[in-house]
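One-based numbering, in listed order, for ligands and for the atoms of each.
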Amino acid sequence: MRVLHVVAARPNFMKVAAVFMALKEYDGIEQVLVHTGQHYDFDMSEVFFRQLEIPAPDVNLGVGSDSHARQTAEMMMRLEPVLVERKPDLVLVYGDVNSTLAAALVCSKLLIRVGHVEAGLRSFDRTMPEEINRLLTDQVSDLLFTPSEDGSANLVREGVAQEKVHLVGNVMIDTLVRFLERTLPEPLANLPSRYALLTLHRPSNVDDLTWLRELVETLEAIGRELPIIFPIHPRTRQRLSSCGLLRLESNGLRFLNPLPYLEFLSLQRGASVVITDSGGIQEETTFLHVPCLTMRENTERPITVTEGTNILLGRSCQRLRQELGKILAGEVKAGSVPALWDGHAAERVAEIVRAFL
Ligand code: UD1
């Protein structure tokens, strides 16, 4: 039996690492890894393969960056002949990036069965490209692996047959658990004892330059009291530099290139607070019991708010200052780790895949 994984972008790599390793335990399953090339910079892709011990992709479609339509279409066109040639019994897709949807659509027309890892998450915000990717991928998937109860409930409400839905827990946390012991005591030179860690890349934050300026100037002011470490996503770097905000010298904000997994995990673990608009980081901080302030109006991961350490701030610098003040005064959400975020989710995926095949 052949399982083909399609991965594309940074947040996919921590997920496939866990599932690939779990499926290796089954002798009768051959695995093929296809990288669409959506992320192609060394520090957005290859360094993760190395650190997470993922085998090199069998096929790289080399698609790269483009508009949503062109990128998605190009992935579909390049993936179709690979699937026709390799004839997988099941294709596994991950998360909510454009490649996830592209692969799911190609498979559904070729009558190849699809499993979606991290199914069912909903922000209920259809202005997000990821929400469209999630909704459509789930509609054409045959196996839907959800990380939490809310994901399963969303799917059943949308009419997905109950028997296709499998609550397995969070495979990204499997990778975190596996690598936690390998975190580095000094991930960066001159790391202050107290610091905030910042990531921003969502279009809602970085494509509106007036808001981006207000946010960065607020963060610079905060950074004079609490140093802020800011590894910058390539799209954010482009926006900051186009409006003159990518300063070489900034008192409180330390601008860095994107960081490898272990360095970033080490920084999360040691941070007083993480400020982000990422999806996965909301989950990782919940697991690590580190306070997380999310600069978004909504989240597809509500369990990180109801059970974890996450607080949604929306687009408000005033709320950012307020909540940060509370955290620094010691008023932090204790938070608990959601059920099945236990480091064994990928084993549950593998067992279900084996039975399915
Ligand atoms: C994508 C995902 C998003 C995910 C994010 C993680 C979609 C719709 N979005 O967003 O859900 O949270 O990945 O990073 O799939 N670029 C580079 N080098 C790279 C990759 C990108 O320089 O290796 C630049 C390109 O100029 C590109 C821009 O970053 O135009 C955005 O890349 P893209 O992959 O389109 O979307 P992300 O913002 O990374």
Side-chain angles (χ1 to χ4, degrees), residues 6-17 35-50 52 57 60-76 78-79 93-105 116-119 121-123 125-138 147 172 175 198-208 212 230-242 246 255-261 264 274 276-285 292 294-296 298-301 304:
V6 179
V7 293
R10 189 168 59 177
N12 293 158
F13 306 139
M14 323 43 182
K15 297 166 196 166
V16 78
H35 191 320
T36 65
Q38 179 172 347
H39 283 176
Y40 44 84
D41 288 346
F42 177 83
D43 50 11
M44 295 294 284
S45 180
E46 194 176 328
V47 71
F48 289 85
F49 278 72
R50 291 191 189 175
L52 301 177
N60 192 320
L61 302 177
V63 171
S65 307
D66 214 323
S67 69
H68 286 279
R70 292 176 67 97
Q71 187 184 55
T72 309
E74 198 63 51
M75 287 165 186
M76 292 178 70
R78 296 192 194 188
L79 185 60
V93 298
Y94 296 84
D96 56 14
V97 301
N98 285 344
S99 306
T100 309
L101 174 62
L105 281 176
H116 184 201
V117 178
E118 200 186 86
L121 298 185
R122 297 289 180 267
S123 64
D125 174 0
R126 292 198 181 188
T127 65
M128 289 178 75
E130 294 83 1
E131 183 74 353
I132 306 302
N133 295 341
R134 290 187 281 261
L135 279 160
L136 300 179
T137 301
D138 285 340
M172 197 186 59
T175 297
L198 169 70
T199 79
L200 291 174
H201 75 280
R202 293 267 159 229
S204 59
N205 280 321
V206 305
D207 287 359
D208 175 345
L212 183 62
F230 186 16
I232 312 179
H233 188 284
R235 65 177 289 133
T236 309
R237 177 171 291 277
Q238 286 164 8
R239 300 298 185 273
L240 289 173
S241 101
S242 75
L246 197 63
F255 295 105
L256 301 174
N257 285 330
L259 290 170
Y261 184 75
F264 192 79
V274 176
T276 191
D277 59 8
S278 147
I281 293 170
Q282 297 171 53
E283 299 180 334
E284 290 173 338
T285 46
C292 180
T294 298
M295 300 305 298
R296 288 175 48 187
N298 51 53
T299 177
E300 61 290 333
R301 293 158 160 96
T304 61

- Hey, are the side chains of Arg202 and Met128 touching, using non-hydrogen atoms and a 4.5 Å cut-off? yes

- Does Thr137 reach the side chain of Leu135, with side-chain heavy atoms less than 4.5 Å apart? no

- Message: Tell me the contacting part of Glu130 for ligand 1: side chain, backbone, both, or neither, using a 4.0 Å heavy-atom threshold, strictly below.
- Response: side chain

- Query: Between Gln38 and ligand 1, is there a nitrogen or oxygen pair with a distance under 3.5 Å?
  - Reply: yes

- If you scan protein heavy atoms around atom 28 (C) of ligand 1, the nearest is Arg235 CB, 3.8 Å

- Arg296 and Asn205: side chain to side chain donor-acceptor pair (under 3.5 Å), yes or no, with the steps? CA-CA 8 Å; Arg296 288 175 48 187; Asn205 280 321; over 6 Å; no

- Taking Asp96 for its side chain and Asn133 for its backbone only, find out whether a donor-acceptor pair lies under 3.5 Å. no

- Item | Protein residue, atom and distance nearest to atom 24 (C) of ligand 1, heavy-atom basis | Pro234 CB, 3.7 Å

- Top protein contact for atom 20 (C) of ligand 1, by heavy-atom distance: His39 CD2, 3.3 Å

- Item | Nearest-contact summary for atom 2 (C) of ligand 1 - protein heavy atom, Å | Val97 CG1, 3.7 Å

- Quick check: does any side chain N or O of Arg122 sit under 3.5 Å from a backbone N or O of Glu300, one acting as donor and the other as acceptor? no

- Closest to atom 12 (O) of ligand 1 among protein heavy atoms sits His201 NE2, 2.9 Å

- Between Thr199 and Ser278, do the side chains contain an N or O donor and an N or O acceptor separated by less than 3.5 Å? no

- Item | Approximate separation, where rounding is to 0.5 Å, of Met172 CE and Glu118 CD | 7.5 Å

- His68 neighbourhood, listing ligand 1 atoms whose heavy-atom distance to it stays under 4.0 Å: 8 (C)

- Any nitrogen or oxygen of Asn133, main chain or side chain, under 3.5 Å from a nitrogen or oxygen of ligand 1? no

- Closer than 4.0 angstrom: is that true for some heavy atom of Arg237 and an atom of ligand 1? no

- Of the protein's non-hydrogen atoms, which lies at the shortest distance from atom 30 (O) of ligand 1, and what is that distance? Ser65 CB, 3.5 Å

- Query: Any idea which part of Pro11 is under 4.0 Å from ligand 1, heavy-atom wise: side chain, backbone, both or neither?
  - Reply: side chain

- Query: Under the 3.5 angstrom rule, does the side chain of Asn12 hit a backbone N or O of Val7 as a donor-acceptor pair?
  - Reply: no

- Residue pair Ile281 / Phe264, side-chain heavy-atom distance below 4.5 Å: yes

- Item | Donor-acceptor contact below 3.5 Å, side chain Thr36 vs main chain Met75 | no

- Item | For atom 26 (O) of ligand 1, closest protein heavy-atom neighbour | Gln238 NE2, 2.7 Å

- Query: Which ligand 1 atoms does Met44 reach within 4.0 Å, using its non-hydrogen atoms?
  - Reply: 23 (O)

- One finds that the ligand 1 atoms under 4.0 Å from a non-hydrogen atom of His233 are 14 (O), 37 (P), 38 (O), 39 (O)

- Could you tell me whether Tyr40 and ligand 1 have an N or O pair separated by under 3.5 Å? yes

- Could you tell me which residues satisfy ring pair (Phe, Tyr, Trp, His ring centres under 6.0 Å) with His35, sequence neighbours excluded, listed by chain and number? Phe13, Phe49

- What protein heavy atom sits nearest atom 8 (C) of ligand 1, and how far off is it? Asn98 OD1, 3.2 Å

